[in-house]
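Let me begin by presenting the structure, written as structure tokens, before commenting on it.
Protein chains get the first letters and strands the later ones, always in sequence-line order, with residue 1 at the start of each.
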2 protein chains.
Amino acid sequence: MREQKKQATREALRAAALRLALERGPDNVRVDDIAEAAGVSPRTYNNYFSSREQAIVAAVAGERETRVAAAVIDRPDGVGLADAVVEAVVDQYTASDAPGQEALLLITTRPALRDAFIDTTTAIERPLTEAIAERLGDGDPHTARVLAASVTAAVRVAIEQWLQTTVSSFTAGGLVVPSGSLPDLLRATLAPLTPALDAAEQRALRHRHR
Amino acid sequence: MREQKKQATREALRAAALRLALERGPDNVRVDDIAEAAGVSPRTYNNYFSSREQAIVAAVAGERETRVAAAVIDRPDGVGLADAVVEAVVDQYTASDAPGQEALLLITTRPALRDAFIDTTTAIERPLTEAIAERLGDGDPHTARVLAASVTAAVRVAIEQWLQTTVSSFTAGGLVVPSGSLPDLLRATLAPLTPALDAAEQRALRHRHR
DNA sequence: GCTTAAAGTTGCGCATGCGCAAATTTGCGT
DNA sequence: ACGCAAATTTGCGCATGCGCAACTTTAAGC
């Protein structure tokens, strides 16, 4: 039906939320304001976002979940599953850094926003499950689900650590050494999972040859 | 002996929440009722539990998080890390089944309670991180954290699946084959992670020998 | 073009979650 | 035993989240 209109209002809410948060500071924005700015009723706002923070964060997170999944599938078959996943994740998380630099600064300072941002990582789990299942061949969808959940959890750990070092390197005025760029952090946290990804890939290959 | 009282009220709230939920059905229990039954103000209730469902679910979950961690550490050194973790998790999740059988039945039916129960899995992550770090030797706490997060995620997947098949085997009147006992499900979901756990263990060993 | 059913939106009402500051309890030193 | 400081409980107020039912819009069938 009107998928168009639905996505349009969704986008309008995102934009309005981010704009208002940047203008007045996130604490001075009520849901009613966002709804009004987007031209919908407050009740409708809650049909799209279940919390006030979600809209603001969604503006930064964008459609990361779908892009990650697509990126995993798009890697050529020659690349191992582990590399495909890691690089796809890193790409999508570094790509989305550019647009909302100032927004990220805002997010890191408010605990509620930080939590909401961390929660966005879980959104990649479902698409990632399908992407991994596709690469493994549909032998065992169960394994794909567990691997996707693990990768998602590792990404969350990376983001948590990144946010933590980011904020402390601000408050401490540079005394704390930032533990590395986000890409490096992501690679580091995902590294311990490569054996699991490799093993699943090998199993799938062996299974396919029989 | 301040801790005593705090844990006492916590326990009182748990018990009251579960009792009332079983008596009247979970939808007919207000937070005020639980608080009153436990002899504290409603506001204090929220100092202990951040949602109405948490108290009910906590009565079933108990202190699982600490027990899992202890169980992991208690396994003899001869047992591999992977086995130690898997068996510790399985033990603690099957042990806690006995007490609240009827409570679990209640939980499976209400979506809000199901979600709250699923959320309890995340509580094991922090203690599990320390337990794994202990076993790996404090070479790289980073790895322990990722592994713990992954294990936690896998457990969550198992619980989700278990709840789903449980409820559908009720609604469908037995047409759906329950996909196995909870212990089996846990072992199955954790299986794909063993390569990662083994690899970390080997790395730690090699590192220790140098 | 008109009718009709489904999808989406809105207003209402209620309970929840939580920040804040005052009041109360607890533990400790003297 | 006394009083002080820290921790905890409590009341208050406000905004949020969401179920529900009425209302409006959209797409499709005839």
Side-chain angles (χ1 to χ4, degrees), chain A residues 1-14 16-18 20-21 24-59 107 109-120 122-123, chain B residues 1-18 20-21 24-59 109-120 122-123:
Chain A
M1 266 201 229
R2 256 316 177 275
E3 274 313 305
Q4 300 280 343
K5 194 162 194 173
K6 278 187 66 169
Q7 294 306 327
T9 31
R10 189 178 218 92
E11 185 52 37
L13 284 170
R14 274 187 200 170
L18 181 58
L20 290 176
R24 319 181 185 173
D27 294 338
N28 301 328
V29 182
R30 320 273 117 236
V31 274
D32 299 29
D33 304 334
I34 304 178
E36 191 185 10
V40 292
S41 91
R43 184 62 184 84
T44 300
Y45 171 89
N46 276 321
N47 288 343
Y48 284 91
F49 298 101
S50 54
S51 92
R52 185 170 55 93
E53 289 80 10
Q54 265 188 19
I56 304 178
V57 165
I107 287 175
T109 54
R110 315 281 166 165
L113 285 178
R114 284 213 325 225
D115 291 349
F117 184 66
I118 290 173
D119 279 347
T120 61
T122 65
Chain B
M1 308 321 143
R2 223 165 181 154
E3 278 311 307
Q4 299 280 342
K5 193 161 195 173
K6 276 188 67 169
Q7 293 307 327
T9 30
R10 190 179 217 90
E11 184 53 38
L13 285 171
R14 274 187 201 168
L18 181 58
L20 290 177
R24 319 182 185 172
D27 293 339
N28 301 328
V29 182
R30 318 274 117 234
V31 191
D32 299 28
D33 304 333
I34 304 178
E36 191 185 10
V40 293
S41 92
R43 185 62 182 83
T44 301
Y45 171 89
N46 275 321
N47 289 343
Y48 285 90
F49 298 100
S50 54
S51 92
R52 185 170 57 93
E53 289 80 10
Q54 265 188 22
I56 304 178
V57 165
T109 54
R110 314 280 165 164
L113 285 179
R114 285 211 327 224
D115 291 349
F117 184 67
I118 290 173
D119 279 346
T120 62
T122 64

### Query
Which residues pass the salt bridge (charged side-chain N to carboxylate O under 4.0 Å, His left out) test with Arg110(B), sequence neighbours left out?
Asp27(B)

### Message
Here's one to test your reading of the geometry: is the NZ or CZ of Arg10(B) within 45 degrees of the ring axis of Phe49(B) and under 6.0 Å from its centre?
### Response
yes

### Message
Counting only side-chain nitrogens and oxygens, does Lys6(B) get under 4.0 Å of the OP1 or OP2 atom of dT8(D)?
### Response
yes

### Message
Filter on salt bridge (Lys or Arg N to Asp or Glu O under 4.0 Å), then keep only pairs touching residues 32-46 of chain A, sequence neighbours left out; what's left?
### Response
Arg24(A)-Asp33(A)

### Message
From CZ of Arg43(B) over to C1' of dG19(C), roughly how many Å is that when rounded to an integer?
### Response
7 Å

### Message
Nearest to the side chain of Tyr48(B), heavy atoms from C-beta on, is which of dT26(C), dT10(C), dT9(D)?
### Response
dT9(D)

#### Entry: Spacing of Asn47(B) atom CG relative to dG11(D) atom C1', expressed in whole Å
12 Å

### Query
Of all of residues 33-41 of chain A, which get a heavy atom below 4.0 angstrom from DNA chain C, listed by number?
Val40(A), Ser41(A)

### Query
Residues in side chain to side chain donor-acceptor pair (under 3.5 Å) with Thr122(A), at least two apart?
none

### Query
Listed by chain and number, what are the side chain to side chain donor-acceptor pair (under 3.5 Å) partners of Ser50(B), not counting sequence neighbours?
Gln54(B)

### Between dT26(C) (P) and Gln4(B) (CD): distance, integer Å
13 Å

#### Entry: Listed partners of Thr120(B) passing side chain to side chain donor-acceptor pair (under 3.5 Å), at least two apart
none

### Message
Checking Asn28(B) now: which residues fulfil side chain to side chain donor-acceptor pair (under 3.5 Å) with it, not counting sequence neighbours?
### Response
none

### Query
For Ala123(B), what residues pass the side chain to side chain contact (heavy atoms under 4.5 Å, CB included) criterion, not counting sequence neighbours?
Glu65(B)

Protein-nucleic acid N or O pairs under 3.5 Å, nucleotides 15-17 of chain D:
residue : atom : partner  : partner atom : Å
dT16(D) : OP1  : Val31(A) : N            : 3.4
dT16(D) : OP1  : Arg52(A) : NE           : 3.4
dG17(D) : OP1  : Ser50(A) : O            : 3.1
dG17(D) : OP1  : Arg52(A) : N            : 3.4
dG17(D) : OP2  : Arg52(A) : N            : 3.4
dG17(D) : O5'  : Ser50(A) : O            : 3.1

